[in-house]
Amino acid sequence: MQNTGGEPLLDALERHWGQYRKRLRACRQTANEDNVHELRVSTRRLMALIELLHALAPQATLLRIRKSLKKQLDGFDQLRDTQVMLFESAKSLPILPELEPFLAQMHCCEQRLLLENQSFIVSLYQPKLRRKLKKAGKHFKTQTADIDLKQALPSAIDKIYSVVINRYEALDPANPASIHHLRIAVKKLRYTLLATQSIDSALPETNSSRLKSYLTRMGDIQNSVVMLQTLELFFEHRIPAEIAQHYRHQQQELIDAFMKCCSEILEFRQKPGNELFSSNVTHQSATTSDA
C-alpha cells in the first residue's frame, strides 16, 4: 500500500461495489435464501467501507449513500426473521404441538414476503446511487491526497473498537437489548476489518472467524428475543405455558453461555508491536475459560 493518498480505499470501494452488483444480479435471477444472504453480506461490506471513508474524510454524500444501502438492507429483515422462526417452530413442533397454528402462520408470511421481495429486489440499484458513489469518490481522492493510510486506518478502526468496548462494559444479562447493542457494534467492527484486509494484505490478520462466532452467539439470543415477541403477539399475550417455558428457558441458556465467554472481545485490543488497534485502547483482557 502506498504511504499517502486514499486511492487504495477507492480501489477497494470499486471492488466492493462490483461484488454488490454481482450479488444483486443473482438475486434478480433467483431470490432464494442463499442469494439474499450473499446480497446482505456484500451490502454490509460496502456499507462498512463507505463508513470508513467517511471516518477518514467526512462528506454528506457518503452518509446519503450509506442511508440508501441501509434502507435496502432493512428491507430483507422481516423475511429473514420469518424464515428463522419458521425453521425454529418446525424443529420444535414434535415436542410443542401447540405451535402448529403459529407454524402455519409463518408459512403464509414467508410466501407473502417472498412475493413482496421479488418486487423489492427489482427496485434496488437506482442508477443515481452509482453517480453519487462516483461523485463521493472524486471528492474523497482530493480530500485524502496527503493522508497517511498506515496511520489513519488503525486510528479509524480504533474508534470503532472503542464503541465495542463501551457497549461491552454496558452488558446486562437481564437486558437482552444490551447484548443486541453490542452485536451491532461488533458487526460493524468485523465488516470494517474485512474491508481493511482487502485494502492491504500486509495488515494484521483480523481473526474474522472468531468475530463471526462471537456474533453468532449474540445473533442466537436476538433470534430468541424476536421469537418470543412474535409468539406474544400471535397468541395475543396468552402464550401456552409449555411454549413460554421452553423458549424462555432456551433464551436464558443462550444468555448464560454467552456471558461466560463475552470477554473474548477484549482479546482484539492492541497488543504492543503486532496487533490491530492503536495503543490508546488500554482495557485489559480478562481470562476466560475458552482462552
Side-chain angles (χ1 to χ4, degrees), residues 33 37 40-41 44 77-78 80-96 98-99 102-103 106 160-194 205-235 239-269 271 275-277 281 283-291:
E33 191 170 349
H37 171 72
R40 285 168 59 89
V41 169
R44 288 191 185 281
D77 284 353
Q78 192 176 358
R80 186 262 177 199
D81 288 345
T82 299
Q83 288 173 332
V84 169
M85 290 186 289
L86 187 58
F87 174 80
E88 173 59 37
S89 53
K91 181 180 69 174
S92 301
L93 189 62
I95 61 171
L96 295 171
E98 299 90 347
L99 280 172
F102 179 76
L103 179 61
M106 289 298 99
I160 298 171
Y161 186 67
S162 69
V163 175
V164 170
I165 291 299
N166 288 337
R167 294 188 184 183
Y168 165 78
E169 292 175 341
L171 277 178
D172 178 2
N175 179 18
S178 70
I179 299 174
H180 182 55
H181 291 156
L182 174 61
R183 177 174 171 248
I184 292 170
V186 174
K187 188 178 292 188
K188 180 177 179 179
L189 173 66
R190 176 173 179 258
Y191 280 107
T192 302
L193 290 174
L194 287 171
E205 177 60 43
T206 65
N207 291 315
S208 178
S209 61
R210 292 182 63 207
L211 280 176
K212 183 177 181 181
S213 176
Y214 192 86
L215 282 165
T216 297
R217 289 194 288 268
M218 291 188 287
D220 289 342
I221 294 169
Q222 181 61 17
N223 289 342
S224 176
V225 169
V226 173
M227 183 75 173
L228 273 168
Q229 290 175 343
T230 308
L231 286 166
E232 286 278 3
L233 292 173
F234 179 79
F235 288 106
I239 305 179
E242 294 82 358
I243 295 177
Q245 182 180 2
H246 175 81
Y247 284 111
R248 286 169 185 157
H249 178 70
Q250 179 190 77
Q251 183 178 111
Q252 192 59 55
E253 283 189 330
L254 290 168
I255 291 173
D256 291 345
F258 172 70
M259 293 304 297
K260 287 179 181 177
C261 62
C262 63
S263 61
E264 287 178 6
I265 196 63
L266 299 177
E267 296 172 13
F268 288 85
R269 65 178 287 273
K271 296 182 179 67
E275 293 293 336
L276 287 170
F277 309 105
V281 179
H283 300 271
Q284 296 298 314
S285 174
T287 301
T288 71
S289 59
D290 297 331

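Being a predicted model, the structure only gives us computed values, none of them experimental. Basis for what follows: all heavy atoms, side chains included, without hydrogens, waters or symmetry-related copies.
A search for ring pair (Phe, Tyr, Trp, His ring centres under 6.0 Å) contacts involving Phe234 returns Phe102, not counting sequence neighbours. Scanning for side chain to side chain donor-acceptor pair (under 3.5 Å) contacts around Ser213 gives Arg217, with sequence neighbours left out. Residues that satisfy the ring pair (Phe, Tyr, Trp, His ring centres under 6.0 Å) test with Tyr191, not counting sequence neighbours, are absent from this structure. In terms of the side chain to side chain contact (heavy atoms under 4.5 Å, CB included) criterion, residue partners of Pro240 (sequence neighbours excluded) are, by chain and number, Glu98, Phe235, Glu242, Ile243. The salt bridge (charged side-chain N to carboxylate O under 4.0 Å, His left out) search around Arg40 returns Asp77, not counting sequence neighbours. Applying the salt bridge (charged side-chain N to carboxylate O under 4.0 Å, His left out) criterion to Glu232, with sequence neighbours excluded, gives Arg248. Among residues two or more places apart in sequence or in another chain, the ring pair (Phe, Tyr, Trp, His ring centres under 6.0 Å) test is passed with Tyr214 by Phe258. With sequence neighbours left out, Gln245 forms a side chain to side chain contact (heavy atoms under 4.5 Å, CB included) with no residue at all. Considering only residues two or more places apart in sequence or on other chains, Lys91 meets the salt bridge (charged side-chain N to carboxylate O under 4.0 Å, His left out) condition with Glu88. Every residue meeting the side chain to side chain donor-acceptor pair (under 3.5 Å) condition with Asp256, not counting sequence neighbours, appears here in chain and number order: Gln252.
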Using the side chain to side chain contact (heavy atoms under 4.5 Å, CB included) rule, take Ile265 and Leu211 through it: C-alpha gap first, then chi angles, then the decisive distance, then the call. CA-CA 8 Å; Ile265 196 63; Leu211 280 176; 3.8 Å; yes
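From His181, atom NE2 reaches atom CZ of Arg167 across 7.0 Å, with rounding to the nearest 0.5 Å. Taken to the nearest 0.5 Å, the OH atom of Tyr161 stands 11.0 Å off from the CG atom of Asn166. Here the CD-CG distance, from Glu169 to Leu266, works out to 8.0 Å after rounding to the nearest 0.5 Å. Note: Thr230 OG1 to Ile239 CD1 = 9.5 Å, rounded to the nearest 0.5 Å. The CG atom of Leu182 sits 9.0 Å away from atom CD1 of Ile165, with the distance rounded to the nearest 0.5 Å. Ile255 contributes atom CD1, which lies 4.5 Å from atom CD1 of Ile179 (distance to the nearest 0.5 angstrom).
In this structure, a donor-acceptor pair under 3.5 Å is absent between the side chains of Tyr168 and Ser263. Side chains of Glu33 and His37: no donor on one and acceptor on the other come within 3.5 Å.
Here the closest heavy-atom approach between residue Ser178 and residue Ala170 is recorded as CB-O, 3.8 Å. Of all heavy-atom pairs between Ala90 and Pro94, the closest is O-CD, 3.8 Å.
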Give the table of side-chain donor-acceptor pairs shorter than 3.5 Å for residues 183-190, with sequence neighbours excluded, one pair per line with atom names and distance.
{"residue": "Lys188", "atom": "NZ", "partner": "Glu51", "partner atom": "OE1", "Å": "2.8"}
{"residue": "Arg190", "atom": "NE", "partner": "Ser208", "partner atom": "O", "Å": "3.4"}
{"residue": "Arg190", "atom": "NE", "partner": "Ser208", "partner atom": "OG", "Å": "3.1"}
{"residue": "Arg190", "atom": "NH2", "partner": "Ser208", "partner atom": "OG", "Å": "3.4"}

Can you give me every donor-acceptor pair (side chain of residues 218-229, partner residue at least two apart or in another chain, under 3.5 Å) with its distance?
{"residue": "Asn223", "atom": "OD1", "partner": "Arg80", "partner atom": "NH1", "Å": "2.8"}
{"residue": "Asn223", "atom": "ND2", "partner": "Gly219", "partner atom": "O", "Å": "3.4"}
{"residue": "Ser224", "atom": "OG", "partner": "Gln251", "partner atom": "NE2", "Å": "3.2"}

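A donor-acceptor contact shorter than 3.5 Å is absent between the side chain of Ser89 and the backbone of Leu99.
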